[in-house]
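Report on the structure given below.
Letters A, B, ... mirror the listed sequences (proteins, then strands); counts begin at 1.
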Amino acid sequence: MEKINYSKGILDGFEYLLTNHEEVFVLGQGLWSPWYVGASMTDLDKKYGKSRIIDSPVSELATTGAGVGAAILGKRPIIVHPRIDFMLLAVDQIVTQAAKWRNMFGGKSSAPITIRGMVNRGGEQGAQHSQSLHSWFAHIPGLKVVMPSSANDARDLLIASVLSDDPVLYIDDRWLYDCSEELKEIDKTPLSLQKPKVVRLGNDITLVSCSYTTKLCLDAALELEKSGISVEVIDLRVINPLDYDSIINSVNKTGRICSVDGCWQNCGLAGEILAGVTERIDLRLLKTNPKRITLPDSPAPTSKVLEDLYYINSSNIVNYIKSIFL
Amino acid sequence: MKKYSNKSVSDELFNPESPIFGIQLTYDSIESQIKHLKSMLVIRYAEEKIANEIIAGNVKCPCHLGIGQEAIAVGVSAFLRKSDSVFGAHRSHSHFLALNNDPYSLFAEVLGRIDGCSHGMGGSMHLIDKDNGFYGSVPIVGATIPIAVGAGFAHKMEKSTNLSVTYFGDGATEEGVFHESLNLAKINELPVLFICENNLFASHMHILERQPTYSTVRYAKAHNVQSLLVDGNDLAAVYNATKIATDYIRSGNGPFYIEFVTYRWKGHVGPSDDNDVGLLRNEVLEIWKKRDPIKRLINSLKTSQSILESEFGLIDSEIKKFIEESWEKAKVSEYPSKDFLYNNTYSN
């Protein structure tokens, strides 16, 4: 069985796009020396040339704006921000330009840019090299937000994002880069049809998560199986727009929901999932109060000892679920 | 208040009392000059019409009028192709009309109607006409500068001789993205024409209250971008400068920056003369109005007997009629249907 890991999935996605779609190009910082993005962009400049893999000045806002402009003219640019913390310098172009371009011109134009933002935290990097801000961006109508949790999805959702006619923020997570799974054929389903997936079947509780927290939920489910607790895990994959169908079906079956998310709690994705679900179900079906597991509402620490307390791990999920059943 | 009278400034372009020269009519054929005159008049009368309709209460969306600045868009557009990509900002009626001569779709847009250039979803601040090379204007200051640079990437990748244009005001040169964009365009030698319409004001603030000098060309020089500083109220000067810049860019030499010096007759937004922009504004405005780019062209055409008074009268009344008819038609265009609220958020 051939395996593929997450960073290779991303790299394969880039190679597929650059080989098959001449309108695709990549612009961002460090692309001619991409050591800080793991193995996810290795040698792209050598294979596809420096006119398509364009390293840039330290200008997040202008490069993202340039991506918007090239997209408006018919190109399919991928703008790379090796850390989401730095990508915040480009928010005007993401939120106020790209996301609104189609709507404010009455559908006569659009900016199908893909912005790749990376979550890169831990390792005592501290508060400014650690943020997961997907909830912010998922708030914006017109901006699709994609968060793959597996290697095949990392490839397929990158391809679907770039080929989508809408602006997409594609967020990948450094903590997943070495995770591997069985290599599958490329799934060419367009982004508009990509929905949340049940990635593990169970009967006792529904866990909803995305990206790295899906890995934590799957780890927790394995552990809980030993105690006879059957956990269903739903991987959101696309967090804007959000499709609730599979989540509702699951909660109607299990009667319990816990959303697990790697960003802060207040006004975050985890709370949004609970609100969206509780609005759509008969609340009398719920056997336990809905639950969120998120980061504490404080900036990331530096010391390893505090980092271990700060970031979510699978035992947080296991302990919560055991507290219900055992 | 001395600084507003410009007496101590060496650069005469910023001094409204410097000698007013006639327009050098050798810049192009007489037919072209008449065409340019008509284009400026369409812009002037369209904006005056909008101003009056705001006062009458018929236009609600914010309109930033560029009355007094018409020569820039007309002179620049003389060298643009439909395959180029032009981007504007909040004060872009002139950029739009100079490319398409279509006041109807502007009026309908300003009125929020379905026949507007953006189907009534944009208003005065979000104009588009891709068929004529106008790829969009937006009111976030400086936002379309990097977008035009990205369009430059697209043109360069296609190995065409097309170029992109970004129109912005002097205020936008105070945004960080302006500097990022000049650098990004230069380091990649992109076919981008940067056009600064320096009308001396950002909203209510005079440039000398915001920057240490009048002219912004120093920023182009800092980024090794070729530049010119030109009288924006002199159509021939605008034309000649744009010819130099577009020839340079289309020959594959990279970006070019032109600063056109002009003056905003109206307030930042809306139809008033905006007397709150500083002491002596009224006095200075009256001096600047003597540099009216349209009057200067008409006077030169008449002096050289290129156009007779009667011919001009005919042109003038035809355009006024065209503007009135366009407005009357726009007024009865439908509003966008309810599905416009949702249908264009995503592509599907």
Side-chain angles (χ1 to χ4, degrees), chain A residues 22-23 25 27 50-52 54-77 79 89-90 92-93 95-113 140-144 164-167 190-193 240-241, chain B residues 85 87 109 114 116-123 125-131 135-138 140 142-158 162 164 166 175-188 190 192 336 340-348:
Chain A
E22 62 177 15
E23 68 277 19
F25 73 96
L27 173 66
K50 291 189 173 183
S51 61
R52 287 181 80 196
I54 307 165
D55 207 335
S56 83
V58 191
S59 302
E60 288 82 3
L61 182 50
T63 52
T64 308
V68 173
I72 289 167
L73 270 280
K75 298 293 174 195
R76 289 297 167 118
I79 306 301
L89 290 160
D92 171 63
Q93 288 293 330
V95 171
T96 309
Q97 307 307 327
K100 292 167 180 59
W101 202 266
R102 177 184 293 277
N103 188 72
M104 68 193 178
F105 293 115
K108 289 192 176 177
S109 184
S110 64
I113 180 179
I140 307 301
L143 180 68
K144 294 199 169 180
S164 161
D165 290 334
D166 297 302
L191 190 60
S192 55
L193 301 177
N240 193 41
Chain B
S85 53
F87 293 87
E109 191 55 45
I114 189 76
C117 59
S118 303
H119 289 317
M121 294 296 287
M125 300 193 292
H126 304 97
L127 306 175
I128 192 165
D129 180 3
K130 282 159 66 174
D131 290 346
Y135 275 78
S137 62
V138 305
I140 299 296
T144 50
I145 302 175
I147 291 175
V149 171
F153 268 116
H155 293 312
K156 186 168 182 176
M157 284 173 188
E158 282 155 15
N162 296 328
S164 67
T166 169
E175 296 283 3
V177 74
F178 162 74
H179 303 271
E180 289 187 19
S181 298
L182 275 173
N183 183 54
L184 187 62
K186 181 60 191 173
I187 205 71
N188 288 285
L190 301 178
V192 184
F340 272 87
L341 279 177
Y342 313 105
N343 280 3
N344 290 308
T345 306
Y346 300 103
S347 58
N348 43 37

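Within the 4.5 Å cutoff, the side chain of B:Glu158 has heavy atoms near those of the A:Lys75 side chain. In this structure the side chain of B:Glu180 never reaches within 4.5 angstrom of the side chain of B:Pro146, judged on heavy atoms. Within the 4.5 Å cutoff, the side chain of A:Gln93 has no heavy atoms near those of the A:Thr63 side chain. When side chains are defined from C-beta on, B:His126 counts as touching B:Val138, because their heavy atoms get closer than 4.5 Å.
In this structure, chain A has a heavy atom under 4.5 Å from the backbone of B:Ser137, while its side chain stays farther away. Residue B:Ala148 does not touch chain A at all, counting heavy-atom pairs closer than 4.5 Å. With a 4.5 Å cut-off on non-hydrogen atoms, B:His155 touches chain A through its side chain but not through its backbone. In this structure, chain B has heavy atoms under 4.5 Å from both the backbone and the side chain of A:Lys108. Within the 4.5 angstrom heavy-atom criterion, atoms from both the backbone and the side chain of A:Asp165 approach chain B. With a threshold of 4.5 angstrom between heavy atoms, B:Phe87 approaches chain A through side-chain atoms but not through N, CA, C or O. Looking at A:Ile140, the atoms closer than 4.5 Å to chain B (heavy atoms on both sides) all sit in the backbone: N, CA, C or O. Contact annotation for A:Thr64: neither backbone nor side-chain heavy atoms come within less than 4.5 Å of a heavy atom of chain B. In this structure, the portion of B:Leu127 lying under 4.5 Å from any heavy atom of chain A is its backbone and not its side chain. There is no contact between A:Leu89 and chain B, counting heavy-atom distances below 4.5 Å. For chain A, the nearby parts of B:Ser181 are the backbone and the side chain; heavy atoms of each come within less than 4.5 Å. Using a 4.5 Å cut-off between heavy atoms, B:Asn188 contacts chain A through its side chain alone, with no backbone atom that close. With a 4.5 Å cut-off on non-hydrogen atoms, A:Glu22 does not touch chain B at all. For chain B, the nearby parts of A:Pro241 are the backbone and the side chain; heavy atoms of each come within less than 4.5 Å.
Counting only distance, with no hydrogens or angles, the side chain of A:Ser110 and the backbone of A:Pro112 share no donor-acceptor pair below 3.5 Å. When atom types are taken as modelled, the side chain of B:Asn344 and the backbone of A:Arg102 share no donor-acceptor pair closer than 3.5 angstrom.
Interface summary for chain B: among A:Ser56, A:Pro190, A:Gly74, A:Gly107, the most heavy-atom pairs under 4.5 angstrom belong to A:Gly107.
Evaluation of the side-chain hydrogen bond (donor to acceptor under 3.5 Å, both in side chains) rule for B:Ser164 yields no partner, not counting sequence neighbours.
Separating the CG atom in A:Leu73 from the CZ atom in B:Phe153 is a distance of 12.5 Å, to the nearest 0.5 Å.
B:Ile128 and B:Gly136 get closest at one heavy-atom pair: CG1-N, 4.3 Å.
With B:Tyr346 as the aromatic partner, A:Lys144 meets the cation-pi criteria of under 6.0 angstrom to the ring centre and within 45 degrees of the ring axis.
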